[in-house]
2 protein chains.
Amino acid sequence: MTTGDARRGEETVSLVAAIRDSIVRGDFVPNQRLVEADLSAQFSASRASVRAALLELTNEGLVERVQNRGARVRAVSLDEAVEICEVRMVVEGLCAAKAAERITAKEIKELKEIGKSMRKAVSNGDVLGYSQLNQQLHRRVREIGEQQTATQVLDRLRAQSVRHQFRLAMHPGRPSTSLPEHLAIIDAICQHDAEAAERAARTHLRSVIAALREVDQASTPVLAR
Amino acid sequence: MTTGDARRGEETVSLVAAIRDSIVRGDFVPNQRLVEADLSAQFSASRASVRAALLELTNEGLVERVQNRGARVRAVSLDEAVEICEVRMVVEGLCAAKAAERITAKEIKELKEIGKSMRKAVSNGDVLGYSQLNQQLHRRVREIGEQQTATQVLDRLRAQSVRHQFRLAMHPGRPSTSLPEHLAIIDAICQHDAEAAERAARTHLRSVIAALREVDQASTPVLAR
DNA sequence: CGCACCGATATTGTCGACAATTTTGTCTCT
DNA sequence: AGAGACAAAATTGTCGACAATATCGGTGCG
């Protein structure tokens, strides 16, 4: 069966989603070549559509293309993942600060609700649920901050580092480290304290960066030779 | 004659540059429709190439596309320009901080040289030269900071707001305002003071945002009705 | 035995044509 | 005359085929 089907119009857009999912979920491993003809057959679409989709994914940073040499799944090194997180650090800091300025009473309740759910998930050992709440929190903060541009930037960066992100979420003990950081962000935003919110967001991402390095060292002990 | 010619291979890449230039230099005004067939004739390229180029420019944020309704030049509103500058503020801050950590003695000399040239350009009233030095400074700082990801983000954002940026550079009195800010960034980086460098970069961009608002109000007095 | 040259194969880049969709203009009916 | 429906034009989305380019394997020469 072909991985993803879609409604009639705009086949390319669904192809982009299908290929993106295949990359994110690991069906296509890093550095794997993506031959247009093969994808065309696999997803039963024309080569032009595949080509357009590859173009799009290249600009999202998930695929690398070299002139006349084709496309392959981009492998994000640890150093690159750190760089990405550093940019995320400052941009999420901006969003948190803006959110602190603009948040409404209703949204405060919502954010605190998320915080409560996160506490519960961690104490229950619900790693998957916590990960989803994590994403929800970050998304809501961006929405509250009303930063369209920042949101676009962050979406792109998140997609690029999703593999590292996932590995991190599965690391034992990680949730109990990040929970208080998340709660600090929520508190600062709910108190309309922009500076504190930015600091908290940065502290959190700094911790993520440190954890990234740690997890990588643990899983790549010396050098797989 | 066709606007841009190019070497044999990879016609699309040169088309992207040609259309981008046309947008940036104002040959294509904001909200102007970009019909594939017309561009195809104008640049004497196939429609497929034009299509690929428009895809690329869409992902750069210079063109907006709606499904089955074609592409048009994106009009960046003042609010959007401010948002873009806010993101730039924090990311350039990051780059400045990293540059302060990593700068070498040789690069310090180079940066100070740029500072000297800027002073000269301002005192000579050389607006264009100052603008170029400005760009050169920002670029060098990013390179010294060795932030690939941040550089990509900033390149994209700069391209989107180039029109506002240009109008700002032409504003009388603007250079003498921004010069000391630039010099402060240079000083902080050259003293390896990451925190001060980030603060200086932010202060500068904050000033740019304020100027953006001011210039816009001056040129759109009430509301063209 | 190694290296450079050359041809065969695989893959991408480009093109023109056709199908699907949206927009525009016109005509009728109330 | 105005609103709605229908047809025609314009434009985009998709497809298959051809040309250009890179990669791989074999052959001859030093």
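Remember, it's a predicted structure, so these values are computed and weren't measured experimentally. Residue numbering restarts at 1 for every chain, and letters A, B, ... go by the order of the sequence lines.
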With salt bridge (Lys or Arg N to Asp or Glu O under 4.0 Å) as the test, would you mind laying out the steps for A:Arg142 and A:Asp155 before giving the verdict?
CA-CA 10 Å; A:Arg142 290 177 336 211; A:Asp155 280 344; 2.9 Å; yes
Output one line per pair: protein atom, nucleotide atom from nucleotides 22-25 of chain D, and distance, for all N/O pairs under 3.5 Å.
residue, atom, partner, partner atom, Å
D:dT23, OP1, A:Arg69, NE, 3.1
D:dT23, OP1, A:Arg69, NH1, 3.4

Can you name the atoms? Protein N/O to nucleotides 15-19 of chain C N/O, anything below 3.5 Å, with the distance.
residue, atom, partner, partner atom, Å
C:dC15, OP2, B:Ser46, N, 3.0
C:dC15, OP2, B:Ser46, OG, 2.9
C:dC15, OP2, B:Ser49, OG, 3.4

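A donor-acceptor pair is defined here as one N or O able to donate and one able to accept, closer than 3.5 Å; no such pair exists between the side chain of B:Gln148 and the backbone of A:Glu80. The backbone N or O of B:Ala18 lies less than 3.5 Å from a partner atom in the side chain of B:Ser22, making a donor-acceptor pair. In this structure a side-chain-to-backbone donor-acceptor pair under 3.5 Å is missing from B:Arg202 to B:Met89. Without hydrogens or angle criteria, B:Ser161 side chain to B:His164 main chain gives no donor-acceptor distance under 3.5 Å.
B:Arg33 has its CZ atom 8 Å from the P atom of C:dT24, to the nearest Å. The distance between atom CD of A:Gln32 and atom P of C:dT11, rounded to the nearest whole Å, is 13 Å. To the nearest angstrom, C1' of C:dT12 lies 12 Å from CG of A:Leu55. Here the P atom of nucleotide D:dT12 and the CG atom of B:Leu34 are 9 Å apart, to the nearest Å. Remark: C1' of C:dT21 and CD of B:Glu36 are 13 Å apart, rounded to the nearest angstrom.
Of the charged side-chain nitrogens involved, at least one lies within less than 4.0 Å of a carboxylate oxygen, so that B:Asp216 and B:Arg167 count as a salt-bridged pair.
At a cut-off of 3.5 Å, with distance as the only test, a side-chain donor of A:Arg74 or A:Gln160 sits close to an acceptor on the other residue. No hydrogens or angles considered: nothing links the side chains of B:Glu11 and B:Ser49 as a donor-acceptor pair under 3.5 Å.
Checking the phosphate oxygens (OP1, OP2) of C:dG13, a side-chain nitrogen or oxygen of A:Arg65 falls inside 4.0 Å.
Each of A:Thr12 and B:Asp38 was matched to the nucleotide of DNA chain D holding its nearest heavy atom; the match closer to the 5' end belongs to B:Asp38.
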